[in-house]
Structures are given as C-alpha cells and as structure tokens.
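Model, not experiment: these values are computed from the prediction. Hydrogens, waters and symmetry mates are skipped; everything else that's a heavy atom, side chains included, is used. The first residue of the sequence shown is numbered 1, and numbering continues consecutively from there.
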Amino acid sequence: MQAASNDLVFAIPTGYIEQRNGEVIILAPATTDERTPCLYGLAGRQPSTGNLEADAEAALVRVVVPGWRRLDDWHYAMRGTSAEGWPYAWYRAAFEGDIGGQRQAVNAMAMVLPAGPGQVHVVWGMGSIARCLLDDVAFEQLFHSLRPSAWTSDGGQAMTRALLGTWRFTAGAGLQQLTFTSGGRYERALGSSTHIGHTETTSSTATGGQFTIRNGELTLVPDHRPASPDRYFVRVYDEWFQGRWKSSIALFDSRAKPPLVIQYYRVDP
C-alpha cells in the first residue's frame, strides 16, 4: 500500500503497520518476528547544508534520538544513488535513551534524500543493538518504494553508469560474480568448492546476456533462457566501514520466498 508524507511517496514494508504522530510517521512491526527486528519511519523535511552526509548525521542526533547518549565513536554509513537518480546518505550509530520509562541501548539510523531547494526528506530507523542493523529486507522494501515529488527520474542513467564493472559476493564455499559492460551486456560467474576428507573439489559455471534498468528495476536476460529473465531492485553505493569507503551493490529479490537481499563488493582491476 502506498502513502505519502511531505511529498514523499512510500510503501509500508511487509509485516509493518503505519502510525502517525503529527508529521512523524512510524512504521512498526505488526508482530514480534526475527524478520522485523527494526522500527522505521519518516520524519518530514529538514534544512539541508548541501552536504548529504553531514545532513544525515545531523538528522540522526537532532531528529531521531535528540538528547540521547551516544555509546561510542563508531559509526556505519552509506552514500549512493537510487535507480531513479536521486542521491542519498545513510548514517547509523549506537545510542542509549529512554523508551517506555526504561533505559535501552539501540542502533539508530537517519537517511536523507533531496526534498527541493535547501531541504531534505528524513527516513529513520531504530532497533535492538543486538538484532537490528537497519539494512534488512524491510529497509530495502521501504527504500525502493520512495518517490520524492521534487525529483525527476533520469531513467536509470546514473545507476547504469555506477553499475559498470565487476562485483563479487562470497559466502561459505562459494562465490558469485557479476560483470556489467557499457554495451548493455553482463556476465555471471558461479564458483564453489567442496571438501571431502583431504580432497577438495571445485566447480564453476558462467553465463551471460543483456541487462536493463527500467522503473527502478534491474533486469538480467540470460542468452540461454531469454523468456525467463531475472529481476532485482538494485542499489549502488559506497559504505563506510572500519575507516574506509567500499563500493557495493545490494540486489533485492522481492519475489523470492522469503524475500532476499544479497550484497556484492566491487572487484578492483
């Protein structure tokens, strides 16, 4: 279901309900579930300094957790461009504050995106410091539903340029690699290794095809099955972790059961 707040259209993530407190919108889990560990919401418009990264950090302290005690100097951040071409910055840190009369430690996040001259929209999140990282399936659903009225889509041009290159996902004994080229072609390589006793067996496969970005969605059309394309919502961004920026993409498969988010890191030449 779609709704709007201060000219920012959004959709309520699966498993959440909407509550309103003046300008502030709260998206709360309908039930306690391991798939919904975070609270999300929208906080309306805030003044912009012209620097989205500074705006996100300021919005977190001023709007999301005003007066709360920051637990340490560590933080995690993202900056990127949506499939519609609007830029955004995301900032998360740990705080301690009063919730329902009890002191609690939480991870809290603010994300900002353009809202017209001199202003930004603020999207926020909060949850258990042990379970909520604020970049889960619910966040991806919310992010990809955002439609700021002050922004005109560039038709995926900026996203296509940012996507070019090679990206790799590694998990356990396997890896997946995606390479996108300026000619609209992609290659997907899969590799795995299996240990049986002292013997290691490796295998790999590679496929290719055409890719497009349209209406916020990345479509991969394999040469060997053109009638059955793969479709993902995609974010291309830099993430700040352990003192440096790393380029990443997040592919969100909303049709998987359950929905799935896979993060790839850029492979430098």
Side-chain angles (χ1 to χ4, degrees), residues 2 9-16 35-36 38 40 78-88 90 111 113 123 133-147 151 153-172 174-192 205-239 246-267:
Q2 283 197 329
V9 174
F10 67 96
I12 302 169
T14 302
Y16 282 73
R35 291 173 296 182
T36 55
C38 306
Y40 290 102
M78 292 187 280
R79 61 187 184 189
T81 303
S82 76
E84 297 299 313
W86 42 264
Y88 66 94
W90 179 107
M111 186 184 81
L113 59 145
V123 179
L133 297 179
L134 299 153
D135 59 359
D136 56 3
V137 166
F139 170 77
E140 295 295 336
Q141 287 183 319
L142 177 60
F143 178 91
H144 291 291
S145 74
L146 297 174
R147 296 292 183 271
W151 189 266
S153 172
D154 68 353
Q157 296 179 45
M159 173 65 74
T160 299
R161 291 192 297 270
L163 199 61
L164 300 181
T166 298
W167 309 85
R168 182 178 296 160
F169 164 73
T170 305
L175 66 85
Q176 183 173 163
Q177 186 164 287
L178 285 166
T179 300
F180 300 94
T181 69
S182 57
R185 293 281 300 176
Y186 80 91
E187 292 183 357
R188 171 178 262 161
L190 304 174
S192 64
T205 59
T207 59
Q210 297 287 331
F211 80 92
T212 58
I213 295 176
R214 187 172 293 114
N215 297 325
E217 197 169 44
L218 169 67
T219 300
L220 306 181
V221 184
D223 292 334
H224 67 285
R225 50 177 176 87
S228 182
D230 299 316
R231 292 186 172 90
Y232 308 93
F233 290 103
V234 61
R235 285 193 300 121
V236 181
Y237 58 98
D238 294 328
E239 64 171 358
K246 296 176 65 176
S247 295
S248 307
I249 60 174
L251 297 188
F252 173 40
D253 186 350
S254 62
R255 298 170 179 83
K257 297 188 181 302
L260 181 67
V261 181
I262 302 177
Q263 183 180 21
Y264 295 73
Y265 289 101
R266 182 180 289 281
V267 179

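Between the CG atom in L220 and the OG atom in S228 there is a gap of 11.5 Å [rounded to 0.5 Å]. Here the CD1-CG distance, from I213 to L218, works out to 5.5 Å after rounding to the nearest 0.5 Å.
Checked for salt-bridge contact, R79 and E239 miss the test: no charged N lies under 4.0 Å from a carboxylate O. For R225 and D230, the salt-bridge test passes: some basic side-chain N is under 4.0 Å from an acidic carboxylate O.
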For this session: Please step through side chain to side chain contact (heavy atoms under 4.5 Å, CB included) for the pair V9 and L146, ending with a clear verdict.
Result: CA-CA 6 Å; V9 174; L146 297 174; over 6 Å; no
For this session: Assess whether side chain to side chain contact (heavy atoms under 4.5 Å, CB included) is satisfied between K246 and D238, documenting all intermediate values.
Result: CA-CA 5 Å; K246 296 176 65 176; D238 294 328; over 6 Å; no
For this session: Let me see the working for L251 and L178 under side chain to side chain contact (heavy atoms under 4.5 Å, CB included), right down to the final yes or no.
Result: CA-CA 11 Å; L251 297 188; L178 285 166; 3.8 Å; yes
For this session: For side chain to side chain contact (heavy atoms under 4.5 Å, CB included), just list the numbers for M111 and F143, CA-CA rounded to whole Å, side-chain angles, deciding distance to a tenth of an Å, and then say yes or no.
Result: CA-CA 10 Å; M111 186 184 81; F143 178 91; 3.8 Å; yes
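Remark: S254 pairs with F233, F252 by the side chain to side chain contact (heavy atoms under 4.5 Å, CB included) rule, at least two apart or across chains. Listed by chain and number, the residues in a side chain to side chain contact (heavy atoms under 4.5 Å, CB included) with R266 are W167, S247, D268 (sequence neighbours excluded). Residues meeting the side chain to side chain contact (heavy atoms under 4.5 Å, CB included) test with A158, sequence neighbours left out: T81, D154, R161. Qualifying side chain to side chain contact (heavy atoms under 4.5 Å, CB included) partners for R231, counting only residues two or more places apart in sequence or in other chains: E217, T219, P229, R255. The ring pair (Phe, Tyr, Trp, His ring centres under 6.0 Å) check on Y40 picks up nothing, with sequence neighbours excluded.
F211 is listed as a side-chain neighbour of L163, based on a closest heavy-atom distance under 4.5 Å. Residues V236 and M159 are in side-chain contact: their nearest non-hydrogen atoms beyond the backbone lie under 4.5 Å apart. Under the 4.5 Å side-chain criterion, counting only non-hydrogen atoms from C-beta, V123 is in contact with L113. Side-chain contact between C38 and D136 is present, with at least one heavy-atom pair separated by less than 4.5 Å. Side-chain atoms of R235 and H144, non-hydrogen and from C-beta on, do get closer than 4.5 Å to each other.
Ring geometry for F139 versus W90: interplanar angle over 60°, hence perpendicular rather than tilted (30 to 60°).
Each side-chain hydrogen bond (donor to acceptor under 3.5 Å, both in side chains) pair with one or both residues in residues 174-186, not counting sequence neighbours, appears once here: T166-T179, R168-Q177, Q176-R188, Q176-Y264, R185-D223.
With Q210 contributing its side chain and P222 its backbone, the two residues share no donor-acceptor pair below 3.5 Å.
A donor and an acceptor atom, one from each side chain of T207 and E187, are nowhere located under 3.5 Å apart.
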